Number of protein chains: 2
Amino acid sequence: MSKKPKFEREQVIANATNLYWEKGYHGTSMRNLQDAIDMRPGSIYAEFGNKDGVFKASLEFYAQAAIAQLNKIKADGLSPLEALKAFVKHAVVDSQHNAPSSVCMLAKTIAELTEEHEELLTVAKQALKSVEHQFALLIEQAQEAQAVSSQKSASELARFLQIQITGLRTYAKTSDEPLPLAQMIDDLFEHYPFQ
Amino acid sequence: MSKKPKFEREQVIANATNLYWEKGYHGTSMRNLQDAIDMRPGSIYAEFGNKDGVFKASLEFYAQAAIAQLNKIKADGLSPLEALKAFVKHAVVDSQHNAPSSVCMLAKTIAELTEEHEELLTVAKQALKSVEHQFALLIEQAQEAQAVSSQKSASELARFLQIQITGLRTYAKTSDEPLPLAQMIDDLFEHYPFQ
DNA sequence: ACTTTAAATGAACGATCGTTCAAGCTATAT
DNA sequence: ATATAGCTTGAACGATCGTTCATTTAAAGT
């Protein structure tokens, strides 16, 4: 004796993610959100609690999508290093034209929020850390296959890679003229500290 | 027959910059600003026009302060490469504890704002470009002194350096444990594409 | 068919947003 | 001393913010 919610939770969160990704936490109002996900305030609050609840769900969805993307690329039968490079190109190059913002949503969130929203900040940090851990696993494999230098540890290289991705994606938004991003990424993997 | 404004414009903008730097454009309200700069709304609007006007003045002040800092370091008699390294350490390491945010205010602004605030975005982009140009001038000198590889052009290296600084400063905020930032910067200048 | 129960709705709340402006105040010129 | 010019003040504006909840709707159980 009940009634099931009719909205598609996955699609709703995907739409919310796109809006938050584009406009940021403070730049997005609940009314913006209502339009983007086609839900009325009562339903949103019943499902997510409040504005922070929707944002938290979006951060987790975004991170999960990134890891799913990495797994999908891994399934293509590429070498660990090639898979990693393909993922970076996807994250950096494709998001220039196909994404709400060229900047990584997690990096944007960490840059935007203060201790005033500690929980959201923590979720974003942990999400970024879990992606970085996936990088480290791939790098470890690449090192075992002698495809990447072992001068630095896999976790150090994963950290280095996060820094490069964050820098590239943010810089891409600062530049009006198009950048040779794919070439810059090839260059990246061909030199220190990867080779 | 008149009356001079009694506030110190420079100090007011410095305080506004610190607040905007910490909380971002959308995270800062005019009432936050009124408290931080100790001015009443009428005086603020007379001096700056509106909220965007204060933000624009802050962006320009921030960029000017960065270039002044670089010039100050250059006056210390260091080599061009040493000066550049000292500046990067100042920007990356010192801002971890002595600044409103570890993240560069210009990068934060570019990540936060959309085309909805085109003018502010343009100001931030141009400011970052002018800092990058100062890098290029120093790098050119370092290349002439054979202190930096000439494999890549000075402007390419300046771009590369901006990407590293943006990446490092953002990553620093994502990390709860302290990072060996100074060492990472030394490492940066000792390898490709600088050497 | 009827009852039950939970989901969906959207008007409305108090708070806060960016901004305005009439009134007050004070330094300067006469 | 007085008049004048213009900076300073802060109450108040309409708009929008995040959020609530009484009401309506409709699917599931009998």
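The chains referred to below are lettered A, B, ... by the order of the sequence lines, with proteins before strands, and numbering in each begins at 1. From a predicted model like this one, the values you see are computed outputs, not experimental measurements.
The distance from atom CZ of A:Phe55 to atom C1' of D:dG18 is 16 Å, rounded to the nearest whole Å. Atom CG in A:Leu120 sits about 13 Å away from atom P in D:dG18, given to the nearest Å. We find that NZ of A:Lys51 is positioned 9 Å from P of D:dC17, with the value rounded to whole Å. Summarising the geometry, the separation between CG on A:Leu33 and P on D:dG18 is reported as 9 Å, rounded to the nearest angstrom. One interatomic measurement links the two molecules: CD1 of A:Ile44 to P of D:dT19, which rounds to 11 Å at whole-angstrom precision. We find that CZ of B:Arg40 is positioned 4 Å from P of D:dT9, with the value rounded to whole Å. Rounded to whole Å, atom P of D:dT8 lies 13 Å from atom CZ of B:Arg9. At whole-Å resolution of the value, CG in B:Asp52 and P in C:dG18 are 10 Å apart.
Contact annotation: the side chain of B:Leu33 approaches that of B:Tyr20 to within less than 4.5 Å [non-hydrogen atoms, C-beta and beyond].
Partners of B:Gln151 under the side-chain hydrogen bond (donor to acceptor under 3.5 Å, both in side chains) rule, at least two apart in sequence or in another chain, do not exist in this structure. Partners of B:Glu112 by side-chain hydrogen bond (donor to acceptor under 3.5 Å, both in side chains), not counting sequence neighbours, listed by chain and number: B:His26. Checked against side-chain contact (heavy atoms from CB on, under 4.5 Å), A:Ala154 has the following partners two or more places apart in sequence or in another chain: A:Ile139, A:Glu140, A:Gln143. Partners of A:Ser58 by side-chain hydrogen bond (donor to acceptor under 3.5 Å, both in side chains), not counting sequence neighbours, listed by chain and number: A:Thr17.
Taking 4.0 angstrom as the limit, B:Tyr45 places a side-chain polar atom (N or O) nearer than this to OP1 or OP2 of C:dT19.
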Inset, instruction - Treat primed atoms plus P, OP1 and OP2 as sugar-phosphate and everything else as base, then score nucleotides 11-16 of chain D 5' to 3': B for base contact with protein heavy atoms under 4.0 Å, S for sugar-phosphate contact only, - for none. - result: BB----

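When all heavy atoms of A:Val131 and A:Ala66 are compared, the pair lying nearest together is CG2-CB, 4.5 Å.
Taking every side-chain heavy atom of A:Met30 into account, D:dT19 is the closest of C:dT9, C:dT19, D:dT19. Of all nucleotides listed (C:dA8, D:dT19, C:dT19), C:dA8 comes nearest to the side chain of A:Ser43.
Here salt bridge (charged side-chain N to carboxylate O under 4.0 Å, His left out) pairs that include residues 181-195 of chain B, with residues two or more places apart or in two chains, are A:Lys152-B:Asp187, B:Lys85-B:Asp186, B:Lys89-B:Asp186.
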